[in-house]
Amino acid sequence: MKKQIPHGLKSIRNDKVKKFRKAPVAYSVPKLKDFSAASLDKAADKLRSALETEAEAIDTWDQWVAFRDRWVARKNGIVTQVRETWLKNAPPSAKAGVGKAFNATKKLVEDTVDGKRQSVMRWAEERELGPPEASKRGFSTAKEAVRAIYQFERLDITLPGIPRPLGAEHPVIKTMNEIVSVFRNLGYSVQEGPVIETDYYNFEALNFPLNHPARDTQDTLFIANQESKPVRDRLLLRTHTSPVQIRTMEKLKPPIRIVIPGKVHRNDPPDASHSPMFHQIEGLAVDTNITFGDLKGTLDHAMKALFGSSVKTSFRPSFFPFTEPSAEMMVTCFICGGSGKRGSEPCRPCKQTGWIEILGCGMVDPNVFEFVKDNGYDPRKVSGFAFGMGADRVALLKYGVDDIQLFFQGDVRFLRQFA
Ligand SMILES: [Zn+2]
């Protein structure tokens, strides 16, 4: 960035009465006759005294800028010339000594240039921006005024800024937020948990028997080298957000109503409808006397809030280890309105059936409550329902995207369409 002359200093320069000074004889870097210590000392002395004389003569900002450029400009400044003519030409045997002398000279020049800059600034403070003058300019103290000048020097505030394009919510996050807000309005609170889980929370406490195929490495991504640990302590990337149900029930006594949005992993090769990483939202409600009717009513309301009041819901029996009974819920296709057709074309998202399978749900299995019985979840006293859906899948359907990979490739051209 081009250095600007601070505004205040420009007027100082103009107002100042310049004293006549004898122009110093311009110093130029001599070639060294030999590279002995004595010869080096002599040359360094000459340079030092030239530096001092020139520094001495500086009164104004402009003079300081010229001084700085003459001595430390990267291209052909005196320091650069010293390196080129002394250091580079030194024979190997003298390299170390010349190097040392060069470094000392370089530091001296830089310190002098910087010191001079500070004294020019101080001068400005005393002459131009004494306390009365500073306050006239809107600064409460002279110190503050000088600080402002320093900033002027570093930063040209008249340059246009670098425009930073405003980002937009990622379609998956947007979808998750919409789902969360529907349940928030029903009095649910949001809970989160770790993505790296133990077998205990991911499987055992959710009533997965020890030989359940989900534990297979073909389905689940395990952290390596844990064979020496007991199975329940082994770490894995959680395959669903359900462990947070257990973690929350360990923490909070019933009644609870929670939604759990989060990232989950499965050992699935990526294709148009699978990704090894995806997002789920699940919910859990536990209280006394919660029935399957509550589950149906809640989810029917949620789907209408999400997809429009005209969607209908339908349940069909299913199986999950942690719910009993379990169901899959379908909603009427919100793309074709349940007709299975879009004009004369078949509706692909619902495969012309007019229904879309949207989530899994069920009544919490009493075996799950047994794991958190001590915190008030006695299966003889409480009941509850749970449900879970893939946020990415909902986003795919909602936005008519045909490949889940597009969500995670970070292609701005794709993501920009949702802004
Ligand atoms: Zn359809």
Side-chain angles (χ1 to χ4, degrees), residues 168-183 185-186 240-241 259 261 264 266 268-283 292-293 295-320 323 325-362 385-409 411 413-419:
E169 238 174 1
H170 190 281
V172 172
I173 300 297
K174 200 168 169 175
T175 305
M176 287 173 101
N177 286 342
E178 280 167 18
I179 299 170
V180 165
S181 94
V182 166
F183 286 96
N185 290 340
L186 291 172
H240 45 188
T241 41
V259 269
V264 303
R266 305 251 173 108
D268 281 335
D271 64 27
S273 49
H274 293 87
S275 162
M277 186 279 296
F278 56 102
H279 300 82
Q280 280 191 340
I281 294 197
E282 62 183 73
F292 204 92
L295 180 158
K296 286 178 81 173
T298 303
L299 292 181
D300 186 74
H301 167 85
M303 293 306 116
K304 287 182 162 66
L306 273 174
F307 302 117
S309 56
S310 62
V311 301
K312 293 190 184 79
T313 52
S314 159
F315 295 79
R316 69 177 180 205
S318 183
F319 174 81
F320 304 108
T323 45
S326 304
E328 259 157 27
M329 190 181 76
M330 330 272 287
V331 292
T332 46
C333 178
F334 42 84
I335 293 146
C336 63
S339 68
K341 280 195 180 135
R342 300 170 82 179
S344 57
E345 296 285 301
C347 178
R348 262 193 290 164
C350 66
K351 299 185 185 94
Q352 302 181 62
T353 62
W355 291 91
I356 287 176
E357 191 190 310
I358 199 96
L359 57 74
C361 55
F385 65 79
F387 57 89
M389 63 190 115
D392 319 80
R393 196 176 125 71
V394 176
L396 285 176
L397 291 167
K398 228 178 115 139
Y399 295 109
V401 176
D402 54 14
D403 187 344
I404 193 174
Q405 299 303 321
L406 289 166
F407 285 147
F408 310 126
Q409 284 162 346
D411 187 330
R413 291 166 305 176
F414 169 75
L415 297 171
R416 202 176 274 149
Q417 300 173 74
F418 303 93

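Because only heavy atoms are used, hydrogens play no part in the values below, and waters and symmetry mates are left out as well, while side chains stay in. Note that ligands are numbered from 1 as they come in the structure, with each ligand's atoms numbered from 1 the same way. These figures come from a predicted structure and were not determined experimentally.
Between the side chain of E345 and the backbone N or O of R342 there is no donor-acceptor pair closer than 3.5 Å. At least one donor-acceptor pair closer than 3.5 Å links the side chain of S326 to the backbone N or O of F320. Not one N or O on the side chain of T323 forms a donor-acceptor pair closer than 3.5 Å with the backbone of P325.
Below 30°, between 30° and 60°, or above 60°: for F408 and H170 the angle between ring planes is below 30°, a parallel geometry.
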Considering only distance and modelled atom types, tabulate donor-acceptor pairs under 3.5 Å from the side chains of residues 299-314, sequence neighbours left out.
residue : atom : partner : partner atom : Å
D300    : OD1  : K304    : NZ           : 3.3
D300    : OD1  : T313    : OG1          : 2.5
D300    : OD2  : K304    : NZ           : 2.9
K304    : NZ   : V311    : O            : 3.1

Next on the checklist: Set out, in order, the CA-CA distance, both residues' side-chain angles and the distance that settles ring pair (Phe, Tyr, Trp, His ring centres under 6.0 Å) for F385 and F292, then state yes or no.
Outcome noted: CA-CA 7 Å; F385 65 79; F292 204 92; 8.7 Å; no
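The set of protein atoms (N, O or S) found at less than 2.8 Å from the Zn ion (ligand 1) reads C333 SG, C336 SG, C347 SG, C350 SG, by chain and number.
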